[in-house]
There are 2 protein chains.
Amino acid sequence: MLLVDDDPTVAEVASSYLRATGFVVEEASDGFAALEAAERVAPDLIVLDRMLPGIDGLEVFRRLRERSSTPVILLTALGSEDDRIAGLEAGADDYLSKPFSTRELVLRVQSVLRRSIGEFTPESVLEYGEFRLDPSAHVATRAGVELALTAREFDLFEFLLKHPNQVFSREELLRTVWGWTYGDLSTVTVHVRRLREKIERDPRSPVLLTTVWGVGYRFTMGGASDAVV
Amino acid sequence: MLLVDDDPTVAEVASSYLRATGFVVEEASDGFAALEAAERVAPDLIVLDRMLPGIDGLEVFRRLRERSSTPVILLTALGSEDDRIAGLEAGADDYLSKPFSTRELVLRVQSVLRRSIGEFTPESVLEYGEFRLDPSAHVATRAGVELALTAREFDLFEFLLKHPNQVFSREELLRTVWGWTYGDLSTVTVHVRRLREKIERDPRSPVLLTTVWGVGYRFTMGGASDAVV
DNA sequence: GCAGGTCTTACGGAACGCGAACGATTCACC
DNA sequence: GGTGAATCGTTCGCGTTCCGTAAGACCTGC
C-alpha cells in the first residue's frame with residue numbers, strides 16, 4: 001500500500017497504525033514521489049492526500065489512473081460535501097476527510113480492498129488469552145462471552161490489543177483512536193475507565209489496562225503473545 | 001464492450017480505467033452512434049448513460065433490447081427524476097448512479113459479465129440453517145416455506161447471506177445493494193426493519209440481523225458457515 | 001502535607017435507531 | 001384502459017444510547 005501525505009505527523013501515525021494492522025506501507029510526501037513510488041512498487045491500494053506541494057492531489061490521481069486501475073482513497077482537509085463529490089466524480093474509490101481516526105482509515109482501506117480483491121482482507125482477528133476481537137464483525141468476546149462494547153470502547157480496545165506492552169499518553173490516544181488533534185484529555189480517562197469496567201476482573205485494581213503514572217496507559221500482555229492471525 | 005456517454009470527461013476516465021483493467025472498449029457519445037456501434041461490434045456488454053443528446057438513453061435501451069439481449073448497465077444522474085424511471089431501471093441488468101467511482105463501475109461490469117456467462121451453470125444456492133436462497137429463481141424459503149420477499153428485500157438478504165458475520169454501515173449497504181453513491185440512509189434502516197419482519201422469529205428482538213450501534217448492521221451466522229459457492 | 005495527576009460519578013446534549021405512516025409510482029388484474 | 005394492491009423511498013416523532021465534559025474525591029510522588 002502506498003501512503004501519500006506531506007504532513008509528517010499524519011503520515012507517521014497513519015502508517016504505523018496500518019502497519020500494525022498488517023499492511024506493508026510505502027510512503028511518499030509529494031506528487032512526484034508518489035507517481036514514482038506507484039510505478040516502482042505497484043501497490044494494491046493508494047491513500048492519497050488531496051492537498052500536496054507541487055502537483056495537486058487530484059492531478060496525481062488522474063495520472064495514476066491513466067496507467068493503472070489501483071484503487072485510491074482520497075484524503076482531504078475539512079470535509080465539505082463539494083470536495084466529496086469532486087473526489088468521487090473524479091473516480092476515487094473512497095474518500096475521507098481530515099481529521100480522521102486511524103480506525104476510520106483502516107475501515108475504509110479494508111472496505112475498498114474487500115470490494116476490489118474480493119473477500120481477501122487479512123481477516124485479522126486479534127486474540128489474547130481469553131480475549132478475542134474481530135474487527136470486521138465488530139465482536140469482542142471474553143472466554144466466548146460477548147462483551148457489550150460501544151463503538152468507542154471497541155476502537156480503544158482494538159488499538160491497545162494491537163499495541164500491547166506499550167505506553168500511550170492521553171494525547172496520543174486522542175490522536176490515534178479519536179483522530180483529534182486537540183480536545184479534552186479527560187475524555188480518554190473516562191473511556192479507559194469504562195473499558196476497564198468491562199474487561200477487567202476487578203476494575204478497581206486493573207491488571208490488563210494499567211496506569212503508568214505521569215505518562216499514560218499500557219495494555220499489558222503476558223508472555224505468550226500471539227496477536228496476529 | 002460499448003460505453004455510451006456524452007460527457008467527454010466521464011467517457012475518458014471510465015474508458016481508460018476499463019481498458020487498464022483489460023477490456024476492449026468502444027465508445028459512443030449519442031444514441032444513434034450507440035445503436036450503430038452495437039450493431040457493428042456486437043459487444044458483450046453495454047454501459048449506457050441515461051441522459052443523452054438526441055435520443056434519450058432509455059429509448060436507446062428499449063431499442064437495444066428489441067434486437068438483442070446484450071446485458072446493459074445504466075448510468076443515471078442524480079436528481080428527483082430518478083424515481084420515475086425506477087421501473088425501467090429494473091429492466092436493466094444493473095444500474096449505477098452518478099457520480100460513481102470508476103472501480104465501482106468495473107466491479108459491476110465484472111459482476112454482470114460473470115452472471116451472463118455463468119447463466120448456463122446452475123446458479124449458486126445459498127443456504128443457512130433453515131434458510132435457502134436461490135438468486136436465479138429469486139426465491140427465498142425458510143424451512144421450505146417461501147418467504148414473500150420483495151425485490152429489494154431479496155437483494156439485501158442475498159448480500160447479507162453472502163457476507164455473514166460482518167458489519168456493514170448503512171452507507172456501504174446503500175452503495176453495494178442499492179448501487180447509490182449517496183442518498184437517504186434511512187432507506188436502509190427501513191428495509192432492514194422490513195426484512196427483519198420476515199426472517200426473524202421475533203422481529204422486536206432480532207437474533208440474525210442485528211444492529212451494531214453507531215456502526216451498522218450484521219447478519220450473524222452460527223458456527224457452521226458454508227456461504228460461498 | 002502539598003501539588004499535580006488520576007479516578008469516579010453524574011449529567012445534559014447530541015446522535016442514533018426505531019416504528020408508524022404517507023405519497024408516489026408501478027404492476028397485475030380485470 | 002382503468003382500478004386496486006403492492007412496493008419503495010421518505011418523513012416525523014419518540015425513546016434510547018452514547019459521548020464528552022465538569023466537578024469533586026482520591027491517590028501518588030516528593
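These numbers were taken from a predicted model, which means no experiment stands behind them. In what follows, every chain begins at residue 1, and chains take the letters A, B, ... in the order their sequences are listed.
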Distance check needed: [N] [atom2] versus [X] [atom1], whole Å only.
X: Arg193(B); N: dT10(D); atom1: CZ; atom2: C1'; answer: 14 Å
X: Leu173(B); N: dG17(C); atom1: CG; atom2: C1'; answer: 15 Å
X: Tyr217(B); N: dC16(C); atom1: OH; atom2: P; answer: 12 Å
X: Leu195(B); N: dG19(C); atom1: CG; atom2: C1'; answer: 16 Å
X: Glu171(B); N: dC16(C); atom1: CD; atom2: P; answer: 12 Å

Close side-chain approach of [X] and [Y], heavy atoms under 4.5 Å:
X: Leu149(A); Y: Leu195(A); answer: yes
X: Val72(B); Y: Phe61(B); answer: yes
X: Trp178(A); Y: Asp155(A); answer: no

Without hydrogens or angle criteria, can the side chains of [X] and [Y] be said to hold a donor-acceptor pair below 3.5 Å?
X: Thr187(A); Y: Asp184(A); value: no
X: Arg152(A); Y: Ser101(A); value: no
X: Ser136(A); Y: Gln110(A); value: no

Could you tell me whether Phe154(B) contacts a base, only the sugar-phosphate backbone, or nothing, with contacts defined as non-hydrogen atoms closer than 4.0 Å?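 Since no nucleic acid heavy atom lies under 4.0 Å of Phe154(B), the category is nothing.
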
For nucleotides 19-30 of chain D, read 5' to 3', which letter fits each nucleotide if B means a protein heavy atom sits under 4.0 Å from the base, S means only the sugar-phosphate is that close, and - means neither? BBBB-----B--

I'd like to know if the side chain of Glu197(A) and the backbone of Pro203(A) have a donor-acceptor N/O pair within less than 3.5 Å.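 Answer holds: no.
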
With the threshold set at under 4.0 Å for non-hydrogen atoms, list the residues of residues 196-207 of chain A touching DNA chain C in residue-number order.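 Going residue by residue through residues 196-207 of chain A, the ones with a heavy atom under 4.0 Å of DNA chain C turn out to be Arg196(A), Arg204(A).
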
Do the ring planes of Phe168(B) and His163(B) sit parallel (below 30°), tilted (30 to 60°) or perpendicular (above 60°)?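 Phe168(B) and His163(B): perpendicular rings.
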
